[in-house]
Amino acid sequence: MTKDAEVDMKDVELNEMDPEKQPMTGDGAGPEKNGSVKLKVPEEEIKFTGLSKEELMKVAGTAGWVRTRWALLVLFWLGWLGMLAGAIVIIVQAPRCKPIPEMNWWNEGPLYQIPDLTAFSSDGIKGVVDKLDNLNQLKVKGLVLGPLHTVQSGQPESLQLGDIDPMQGTLEELRTLLEKAHKKGMSVVLDLSPNYPGSEPWFGAGSDITDILDKLKTASQHWLDIGMDGIRLSNVATAAASPDWDKVKAVVQADAPEDTKKRALIGVVEGLPAPDVALLLNTSGVDLLLSDLLRADSKGSEVAGGIQTLLSDQQQTSLAWGLGASGGLQLASQVRAPGLVRLYQLLLLTLPGTPVFTYGDELGLHGQMVWDSDVAPAEGAVINQTAEVKPVCAVRQGLVSCRSWFRSLSELRGKERSLLHGDHLPLHSSSSSMAFLRVWDQSQRYVTAVNWGTTATTLKLTLTGEVSLPAEALVKLSTDPETLAPDSSVELDKLTLGPGQAVLLHYPFTA
């Protein structure tokens, strides 16, 4: 196509008009005609108004809708009754939760004895006030102070149970201690053993026990009125044999004032076998009895047998355990080797009953208390260890580790029902080792195994009765984490412990 032809075609296109733009009349050459016009007709909006009331009632009354409504109603109630029946079946078949035994404050955590306040702190009672936060970190539930009274050894006429030795502190400082300890959830018990400087707590033969008990009754009422939460008495068998003992017991165990906790009468006895300890607990009527059945020279079979004897006749809430605590001695002074301190800490904090410690036991100390042990020494620093302070751990960093171990055990005991008030089931005992199981209802189970012998031993843990042992358990805490690492699995039928080693195992409840 030539260039001229292309121009002509464009002219034709420009000359053509859309039908809408063409005139409605002709150009004069023909008859008049209408043009083509496009019109948009809006669509009519249709609104749904639904059925009227009359129409709805008419439809609802039909046989089909009546049957449908009845069918839905029947299905609803059948479903509701089915769910109710299912819930009842679940409740009936679910295992019953074991009721929690009655617990008092002295059952909720360890007791911490401070027989010599000046050895604990040079500031005496005031020093104890300053260290309450430190003790609270250990989950201590009760402090046992003193004795604080004045008496000349072996001279009952000099006994002043209502006074405080000025070397120990003042009455105002003691009131401050009571107030602040109570705010932190700690109770305070006062040791009123009359002749504490002498060898015989009740002055021995020839003394007037009636007069002494009368003074004790008056003094107990005095200190309880001030705010003490209990009284501790050494060699309680001597006092309990007197007809006047009930007068003292009535004062201490009388109903406490409203909004105050129950008072504790704590007795101490030494040198008695397990059957006699159980008998004394019945005849004396004390709330808690601390004995020396657990000794460093005890055999595992003796300890296990003693525990079973006591638990077969007594509630564990009335039993207290300690190593040296009955005589106010530190744990480290009783063991033959420093490494056994942690073993006995684990044993005491997992036995059924109340663990009792003396100041410094959390650090493994033998002697005067030290308070800068929570900061590890700088590398190469010289550690000053005097003859009076003989820490089980050779350096301060070791003291920190001992305290951390004690704290972990105390915290675990406080939150695990099996350890706090669970049943005790023996698993193994020999001359140098023992193991037992602590269980409570559907809570986590715990196995304590200790070997205080000088050679390694392999324990085969077995259990008879309704409760069964799994093949394996996990390590919770171990005195030797290199051989028994936490969270590692061990076989219970061949558990090997090194010399002086202890381990705490756990496994879950299975229906």
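Reckoned from all heavy atoms, side chains included, excluding hydrogens, waters and symmetry mates.
Taking OG of S121 as the start and CD of Q368 as the end, the distance is 9.0 Å to the nearest 0.5 Å. With rounding to the nearest 0.5 Å, the separation of CH2 in W223 from NE2 in H149 is 10.5 Å. A distance of 11.5 Å separates CD of Q221 from CG of L216, quoted to the nearest 0.5 Å. Between K249 atom NZ and S220 atom OG the span is 13.5 Å, to the nearest 0.5 Å. The OG1 atom of T448 sits 12.5 Å away from the NE2 atom of H506 when rounded to the nearest 0.5 Å. The line from CD of Q334 to CG of L340 is 12.5 Å long, rounded to the nearest 0.5 Å.
Not a single donor-acceptor pair under 3.5 Å links the side chain of D229 to the backbone N or O of K262. Using a distance-only test at 3.5 Å, with no hydrogens or angles considered, a donor-acceptor pair links the side chain of N107 to the main chain of N104. Side-chain atoms of S326 never come within 3.5 Å of backbone atoms of V269 as a donor-acceptor pair (strictly under, hydrogens ignored). Under the 3.5 Å distance criterion, the side-chain polar atoms of D361 are matched with a main-chain donor or acceptor of T358. Looking only at distances, no side-chain donor or acceptor of S333 sits under 3.5 Å from a matching main-chain atom of L329. One N or O on the side chain of S298 and one on the backbone of R295 form a donor-acceptor pair closer than 3.5 Å. The main-chain N or O of G453 is never found under 3.5 Å from a side-chain atom of T457 such that the two would form a donor-acceptor pair. Between the side chain of Q308 and the backbone N or O of L425, no donor-acceptor pair lies under 3.5 Å. Looking only at distances, a side-chain donor or acceptor of S207 sits under 3.5 Å from a matching main-chain atom of G204. Remark: side-chain polar atoms of W245 are paired, donor with acceptor, to backbone N or O of S284 under 3.5 angstrom.
Residues N235 and E270 have side chains that never bring a donor and an acceptor to within less than 3.5 angstrom of each other. Side-chain contact of D244 with T210: a donor-acceptor pair under 3.5 Å is present, judged by distance alone. Residues D191 and S193 have side chains that bring a donor and an acceptor to within less than 3.5 angstrom of each other. Judged by distance alone, the side chains of Y112 and E362 do bring a donor and an acceptor atom under 3.5 Å apart. One side chain, Q314 or N282, offers a donor N or O that lies under 3.5 Å from an acceptor on the other. Judged by distance alone, the side chains of Q345 and S410 never bring a donor and an acceptor atom under 3.5 Å apart. Under the 3.5 Å distance criterion, with hydrogens and angles disregarded, no donor-acceptor pair is assigned to the side chains of Q330 and H366. Side chains of N134 and R403: a donor on one and an acceptor on the other come within 3.5 Å. Residues D133 and Q137 bring no donor and acceptor atom of their side chains to less than 3.5 Å of each other. At a cut-off of 3.5 Å, with distance as the only test, no side-chain donor of S408 or R413 sits close to an acceptor on the other residue. Between the side chains of D480 and S478, no donor-acceptor pair of N or O atoms lies under 3.5 Å. No donor-acceptor contact under 3.5 angstrom links the side chains of S187 and K141, judged on distance only.
Scanning both residues, L497 and L484, for their nearest heavy atoms gives CD2-CD1, 3.9 Å. Of all heavy-atom pairs spanning A332 and G364, the tightest one is CB-O, 3.6 Å. Annotation for S432 and N451: closest pair O-OD1, 3.3 Å, computed over non-hydrogen atoms. The shortest non-hydrogen separation linking Y446 to S418 is CD1-CB, 4.2 Å. Considering all non-hydrogen atoms of both residues, P115 and G328 come closest at CG-O, 3.7 Å. Scanning both residues, L420 and G414, for their nearest heavy atoms gives CD2-O, 4.1 Å.
Under the 30°/60° scheme for interplanar angles, the aromatic rings of F436 and H424 are found to be tilted.
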Could you go step by step and tell me if D441 and S443 meet the side-chain hydrogen bond (donor to acceptor under 3.5 Å, both in side chains) rule?
-> CA-CA 6 Å; D441 200 22; S443 300; over 6 Å; no
Derivation of the side-chain contact (heavy atoms from CB on, under 4.5 Å) call for V268 and R232 | CA-CA 8 Å; V268 181; R232 178 192 190 272; 3.4 Å; yes
side-chain contact (heavy atoms from CB on, under 4.5 Å) between Y344 and L349, intermediate numbers included = CA-CA 8 Å; Y344 281 104; L349 285 164; over 6 Å; no
side-chain hydrogen bond (donor to acceptor under 3.5 Å, both in side chains) between E200 and N195, intermediate numbers included | CA-CA 7 Å; E200 171 51 54; N195 187 34; over 6 Å; no
Show the numbers, then the answer: is there a side-chain contact (heavy atoms from CB on, under 4.5 Å) between V236 and L289?
-> CA-CA 9 Å; V236 72; L289 185 62; 4.0 Å; yes
From CA spacing to verdict: side-chain hydrogen bond (donor to acceptor under 3.5 Å, both in side chains), H428, S433 | CA-CA 8 Å; H428 167 88; S433 61; 3.0 Å; yes
Go through the steps for E179 and R175 under the test salt bridge (charged side-chain N to carboxylate O under 4.0 Å, His left out), then give the verdict.
-> CA-CA 6 Å; E179 179 184 357; R175 291 182 186 273; over 6 Å; no
Might you work through the side-chain contact (heavy atoms from CB on, under 4.5 Å) test for L365 and V370, ending with a clear yes or no?
-> CA-CA 8 Å; L365 289 176; V370 294; 3.7 Å; yes
Report the C-alpha separation of Q501 and T483 in whole Å, then their side-chain angles, then the decisive distance to 0.1 Å, and conclude whether the side-chain hydrogen bond (donor to acceptor under 3.5 Å, both in side chains) test is met.
-> CA-CA 10 Å; Q501 187 177 7; T483 57; 3.2 Å; yes
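Just one residue in the list I164, L159, L161, D165 forms a side chain to side chain contact (heavy atoms under 4.5 Å, CB included) with T150, and that residue is D165. Put simply, the residue from L419, L311, T317, D423 that forms a side chain to side chain contact (heavy atoms under 4.5 Å, CB included) with P352 is L311.
Under the 4.5 Å side-chain criterion, counting only non-hydrogen atoms from C-beta, T354 is in contact with L111. Side-chain contact check for W405 versus T479: some heavy-atom pair is nearer than 4.5 Å.
Atom CD of E157 has more than 12 neighbouring heavy atoms from other residues, nucleotides or ligands inside a 6.0 Å radius. By the neighbour-count criterion of 12 heavy atoms within 6.0 Å, atom NZ of K215 is densely surrounded, having more than that number from other residues, nucleotides or ligands. Within 6.0 Å of NZ in K180 there are 12 or fewer heavy atoms belonging to other residues, nucleotides or ligands. For D297, the CG atom counts as densely surrounded, since its 6.0 Å shell holds more than 12 non-hydrogen atoms of other residues, nucleotides or ligands. By the 6.0 Å contact criterion, CD on E173 is enclosed, its count of non-hydrogen atoms from other residues, nucleotides or ligands being greater than 12.
Using a cut-off of 4.0 Å between Lys/Arg side-chain N and Asp/Glu carboxylate O, K415 and E411 are scored as not salt-bridged.
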